[in-house]
Amino acid sequence: METKKKDIRALTKEQLREFFLKQGDKAFRGNQVYEWLWQKSAHSFEDMTNISLETRQMLQDNFVINHIKVDQMQRSADGTIKNAVRLHDDLIVESVLIPTATRTTACVSSQVGCSLDCKFCATAQLKRMRNLNPDEIYDQVVAIDNESRLYHNRPLSNIVFMGMGEPLMNYNNVLKAIDKITSPEGLGMSPKRIVVSTSGVPKMIKKMADDAVKFKLAVSLHSAIDEVRTSIMPFNATFPLSDLRDALQYWYSKTKNRITYEYVVWDGINDKRKDVDALVEFCTFAPSKVNLIEYNPIDDGEFQQADSKALDMYINILEANNITVTVRRSRGKDIDAACGQLANKGQ
Ligand code: SAH
């Protein structure tokens, strides 16, 4: 029986160098292969044209390159592109390219499915199957960068971890992927152009602060009242708002980075004056920005976007309290590519 070959991209550069030394080759060969694997995103050992045939065969005998495969690409009328991405074990995740006049943003997944249970999110209806590896996250970004160059004549400019999964429940791999994305040996992107969006896992937010990460943080808040938040995001019972607030206060004290809150206003759920007042109160301990997201319905009709009167009330009161507020319109709704709609429907 053939033993299972190891994914070569699980090795660090140092480990690759050592591997070649052990083979009686030069450590430098490791650098060359590493460059093929990351900077040049080689899909096979055959692509590595400056490596001898013999060495390529030896690599082939020892390793696999578990590259993702874009199974299906859908293009929306507004230019948004959604990729259904097949992993080496045939599981599927989705990632999205969102073009605007000035930027191209990649929205990437961090897990297959999600272990959290937000009532308004289609991904939550898939259970969490597994975490993505760093290379599987990196590959989604490379695929979108290529599509951006091909269809929009410019490279990718921004990345948001707002696809499937909770990035802070797969923190180590997300961090490793971001290291590769920002490294000159990978894509060389600035960490300031990366946003990690979390439902709010207090312990991990503190860890991020301790790790002095350079990317930005967004928190899916949706309500600053425990009772309300728990009813729509049940895990809030385990991580109540006071813990989240503590963690965010710590984050701000360490990073001095403004915090963005993502927030949907729903009819009959969080559309009252008391809801806005609680949000204003929650935003007082650190410079904050509130991103009001349009609700993207997910079939069962339990949630309805509040009317424009409720939205105006939010905007007016937040602005009166000097809190920056933006309203984000949905993109790619016609292909189920908008926030909360990623659920592998085509599969
Ligand atoms: N787990 C992470 C990232 C994935 S969700 C998080 O919770 O932040 C990305 C964003 O989409 C979150 O702000 C989430 O609350 C929001 N979202 C989920 N379902 C949605 C829906 N149906 N309509 C609009 N936004 C939704």
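Fair warning: this is a prediction, and the values are worked out from it, not measured in the lab. Note that ligands are numbered from 1 as they come in the structure, with each ligand's atoms numbered from 1 the same way.
- Atom 19 (N) of ligand 1 has its closest protein heavy atom at G340 CA, 3.1 Å.
- F63 and F19 have their aromatic ring centers within a separation under 6.0 angstrom.
- At least one heavy atom of E294 sits under 4.0 Å from some atom of ligand 1.
- Between S190 and T182, the shortest heavy-atom distance links the atoms C-CG2, 4.3 Å.
- The protein heavy atom nearest to atom 23 (N) of ligand 1 is N296 N, 3.0 Å.
- Below 4.0 Å from some heavy atom of G165 lie the following atoms of ligand 1, by number and element: 1 (N), 2 (C), 3 (C), 4 (C).
- Put simply, no part of A122 is less than 4.0 Å from ligand 1, judged by heavy atoms.
- Not a single heavy atom of G200 sits closer than 4.0 Å to an atom of ligand 1.
- One finds the CD atom of Q140 at 13.5 Å from the CG atom of D145 (value rounded to the nearest 0.5 Å).
- Going from atom CE of M204 over to atom OG of S199 covers 13.5 Å, rounded to the nearest 0.5 Å.
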For N31 and E35, run side chain to side chain donor-acceptor pair (under 3.5 Å): C-alpha distance rounded to whole Å, both residues' side-chain angles, the deciding distance at 0.1 Å, then the answer. CA-CA 6 Å; N31 298 31; E35 189 177 322; over 6 Å; no

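- Annotation for ligand 1: atoms under 4.0 Å from non-hydrogen atoms of C121 are 18 (C), 19 (N).
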Decide yes or no on side chain to side chain donor-acceptor pair (under 3.5 Å) for E166 and T198, but give the supporting numbers first. CA-CA 6 Å; E166 167 50 52; T198 176; 2.7 Å; yes

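- Within the 4.0 Å heavy-atom criterion, the part of T198 lying near ligand 1 is the backbone and not the side chain.
- The residue among K119, M164, M169, H222 with a heavy atom at the shortest distance from atom 15 (O) of ligand 1 is H222.
- In this structure, R193 CZ and T105 OG1 are separated by 9.5 Å, a value rounded to the nearest 0.5 Å.
- Listed by number with element, the atoms of ligand 1 under 4.0 angstrom from any heavy atom of F161 are 3 (C).
- Ring centers of F215 and F161: at least 6.0 Å apart, outside the cut-off.
- Nearest to atom 6 (C) of ligand 1 among the protein's heavy atoms is S220 OG, 3.3 Å.
- With a 4.0 Å cut-off on non-hydrogen atoms, E262 touches ligand 1 through its side chain and not its backbone.
- The option from S197, A218, G163 that lies nearest to atom 4 (C) of ligand 1, judged by heavy atoms, is G163.
- Counting heavy atoms closer than 4.0 Å to ligand 1, residue F303 contributes nothing at all.
- From the protein, the heavy atom lying nearest to atom 25 (N) of ligand 1 is C339 CB, 3.4 Å.
- For atom 5 (S) of ligand 1, the closest heavy atom belonging to the protein is M162 O, 4.0 Å.
- Against a heavy-atom cut-off of under 4.0 Å, S199 is close to the following atoms of ligand 1: 1 (N), 6 (C), 7 (O), 8 (O).
- Listed by number with element, the atoms of ligand 1 under 4.0 angstrom from any heavy atom of F120 are 15 (O), 18 (C), 19 (N), 20 (C), 21 (C), 22 (N).
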Using the side chain to side chain donor-acceptor pair (under 3.5 Å) rule, take Y314 and D275 through it: C-alpha gap first, then chi angles, then the decisive distance, then the call. CA-CA 9 Å; Y314 264 91; D275 297 295; 5.0 Å; no

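- The N/O atoms of V264, backbone and side chain alike, include none that comes under 3.5 Å of an N/O atom in ligand 1.
- Between V142 and S41, the shortest heavy-atom distance links the atoms CG1-OG, 3.5 Å.
- With Y171 as the partner, the side-chain contact (heavy atoms from CB on, under 4.5 Å) test is satisfied by one option alone out of N131, V196, D211, V201: D211.
- For L16 against G30, the heavy-atom pair with the smallest separation is CD1-O, 3.8 Å.
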